[in-house]
Protein chains: 2
Amino acid sequence: MEGQVSIVGTGNVAYALAHAFKKAGIKIHGIYGRNEDKALQLSKQLGLASISLESLAFSNVVIIAVSDHAIVEVSQLIPAGPVVVHTSGSVAMSDLKTDKPGVFYPLQTFSHTRNVDFSAIPICIEGTEKEVRILAEKISDKVYNIPSLQRKKLHLAAVMVNNFSNHLYAKAAKYLTEEGLDFEMLLPLISETADKLGQMKPDEAQTGPAKREDQDVIREHLNILSEDPELAKLYRIFTDSIIAHGKKL
Amino acid sequence: MEGQVSIVGTGNVAYALAHAFKKAGIKIHGIYGRNEDKALQLSKQLGLASISLESLAFSNVVIIAVSDHAIVEVSQLIPAGPVVVHTSGSVAMSDLKTDKPGVFYPLQTFSHTRNVDFSAIPICIEGTEKEVRILAEKISDKVYNIPSLQRKKLHLAAVMVNNFSNHLYAKAAKYLTEEGLDFEMLLPLISETADKLGQMKPDEAQTGPAKREDQDVIREHLNILSEDPELAKLYRIFTDSIIAHGKKL
């Protein structure tokens, strides 16, 4: 039964992948989770079976979608037979304790409450087992062969544009709330900043006081931030970095 | 003729506003620019007249959409009569040399090549002249009365979420290009990171190695970045800041 897949894990990635496979008409053997309650709950939510560790042997591909630290240990528990892949950006394929290893790394951030369109999500695969590519191509139009070290670099860049940007949003939200202003006012700007990149490179999209080296505005912003040394430090670092980056273009 | 407006300036904000006013059926008297060629070009593009400084007197509202440094000087040249507003996040209303001042600050980033949907863009207005609010409400559903100091704080937060995030995109793009990887692979992630905020707060949306305090991944990322001290520094600062921020939640 080509394409028959099982999922190990009950977190956001497990949910997102199970949802995408179901939508693509791929037969899902079941979901296994060490926390039986959670596995049962997720399986129910998706109209799937919660299965035992032993029965993973009856799948073509087992996808380990657990936290990075648990991947190696979990891979040891999986019965021989299926191709075993993990979904992590930072764990080497060779860490998997299996004779049919692979990687299936979707380059996206997943939340339980959001269903994302998988067809546009890049899936970075690794390994020689053809089942991995077949599976990936059934849910995404963007499947890339990426070896472990390159995948780690992609993950690092993903951390920068996702976690670090989101931290800027968090800092801005905290700041505005403290000043009695509404963070929601920034949402159209945040969307447009992201959407622009479909049409132009980030270097072309850059605007603002640092890009213009507008010292008056920079000085005033730092003055406004004088009682918030952490934010002032971030502001200074970015301003200097934007100016230095501009000179190298 | 209520709502009749002229625009001074030929940059991205001038273009975006003229386009939005036209779309909303507002009669635009014309566009004035010190650079006559540019003013003529922009006017043609929008099917409008390029007008003289003197004839600005025949508008109800004159919108100064020039760079921050030129606003005060330009405001002195405008003949008496119309309400005179600027579109800047960082210039105080009281800097305008006019007896009918106002502010008309759209909280968005504008590029010549992109037409944005103005109805969702917050417009921060200031001043007692009723024409300003009437005009703003004709193009946007989100009109806010924001005094100068609060507007500067919004602008500062906008710099953080727009310019600083975009700088992270630029740094990630440079890094991936140098590593032979394609920055475009990150675009779905960048979009989703922004879009998530329509549903959850940035603090709830945060994920990643710093949030999890995953020292193994953090160490490996810093190791990968050992030949790029500037990026390694940014990585360290964000990681520390995300960890500290998480402890305060």
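All values reported here derive from a predicted model rather than from experimental measurement. Every chain is numbered from 1 and lettered A, B, ... according to where its sequence line falls, protein lines coming before strand lines.
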Verify, without hydrogens or angle tests, whether B:N166 (side chain) and A:P202 (backbone) share a donor-acceptor contact under 3.5 angstrom.
-> yes
- prompt: Are any non-hydrogen side-chain atoms of A:Y105 and A:P122 less than 4.5 angstrom apart?
  reply: no
Ranked by heavy-atom pairs below 4.5 Å to chain A, first place among B:D68, B:L176, B:L189 goes to B:L189
Only residue of A:V8, A:L135, A:V132 satisfying side-chain contact (heavy atoms from CB on, under 4.5 Å) with A:I63 is A:L135
Among residues 242-249 of chain B, those lying within the under-4.5 Å heavy-atom range of chain A are B:I242, B:H245, B:K248
Note: vs chain B, highest number of non-hydrogen pairs under 4.5 angstrom among A:G198, A:S111, A:A173 is A:S111
Side chains of A:S148 and A:R151: any donor to acceptor distance under 3.5 Å?
yes
- Query: More than 12 foreign heavy atoms under 6.0 Å from CD of B:E227: is that the case here?
  - Reply: no
Interface check, chain A: of B:Q150, B:K196, B:K211, B:K152, most non-hydrogen pairs under 4.5 Å belong to B:K196
dist B:I139:CD1 -> B:F118:CZ (nearest 0.5 Å) comes out at 4.5 Å
Answer yes or no: is there a donor N or O on one side and an acceptor on the other, between the side chain of B:S140 and the main chain of B:E137, under 3.5 Å?
no
Bottom line for A:D117: the part with an atom under 4.5 Å from chain B's heavy atoms is neither
Whatever's closer than 4.5 Å to a heavy atom in chain A on B:A210 counts as neither
Per-residue tally against chain B (heavy atom, under 4.5 Å) across A:S241, A:A205, A:A194, A:S90 peaks at A:S241
Do A:L186 and A:F183 have side chains that approach each other closer than 4.5 Å (heavy atoms only, starting at C-beta)?
yes
So, the part of B:S67 with a heavy atom under 4.5 Å from chain A: the answer is neither
Greatest number of non-hydrogen atom pairs under 4.5 angstrom with chain A, of B:D203, B:L154, B:I121, falls to B:L154
The interface call for B:K174 against chain A, heavy-atom contacts under 4.5 Å, is side chain
Ranking A:R212, A:K233, A:M185 by heavy-atom pairs under 4.5 Å to chain B gives rank one to A:M185
Cut-off 4.5 Å, heavy atoms of chain A, and the answer for B:E220 is side chain
Applying a strict 4.5 Å limit to non-hydrogen atoms, the region of B:I224 in contact with chain A is side chain
Practice item. Determine whether the side chains of B:H86 and B:S75 contain a donor N or O and an acceptor N or O closer than 3.5 Å. Key: no
Original post:
Above 12 or not: heavy atoms from other molecules or residues under 6.0 Å from CD of B:Q45?
Top reply: yes
Heaviest contributor of heavy-atom pairs below 4.5 Å to chain B, chosen from A:L149, A:L107, A:V116, A:L234, is A:L107
Discussion item. Test side chain to side chain contact (heavy atoms under 4.5 Å, CB included) on A:T207 and B:F110; report intermediate values, then the result.
Written reply: CA-CA 9 Å; A:T207 58; B:F110 298 101; over 6 Å; no
Residue from A:E184, A:H69, A:E230, A:K142 scoring the most non-hydrogen pairs under 4.5 Å with chain B is A:H69
Note: vs chain A, highest number of non-hydrogen pairs under 4.5 angstrom among B:G180, B:S165, B:A120, B:G208 is B:S165
Bottom line for B:P209: the part with an atom under 4.5 Å from chain A's heavy atoms is both
| A:Q199 and A:E204, any side-chain heavy atoms less than 4.5 Å apart | no
Check: In terms of side-chain geometry, is the basic nitrogen of B:E73 or B:K97 positioned less than 4.0 Å from the acidic oxygen of its partner?
Finding: no
Interface check, chain A: of B:T239, B:D182, B:V217, B:V91, most non-hydrogen pairs under 4.5 Å belong to B:V217
message = Set out, in order, the CA-CA distance, both residues' side-chain angles and the distance that settles side chain to side chain contact (heavy atoms under 4.5 Å, CB included) for A:L187 and B:L197, then state yes or no.
response = CA-CA 7 Å; A:L187 294 186; B:L197 298 183; 3.7 Å; yes
With chain A, the option among B:K201, B:M160, B:H167 that has the most non-hydrogen atom pairs under 4.5 Å is B:H167
When the 4.5 angstrom heavy-atom criterion is applied to B:Y235 and chain A, the contacting part is both
Output for pair (B:K153 NZ, B:I146 CD1), nearest 0.5 Å, gives 11.5 Å
When the 4.5 angstrom heavy-atom criterion is applied to B:D216 and chain A, the contacting part is side chain
- Task: Return the orientation label for the B:F164 and A:F238 ring planes: parallel under 30°, perpendicular over 60°, tilted otherwise.
- Result: parallel
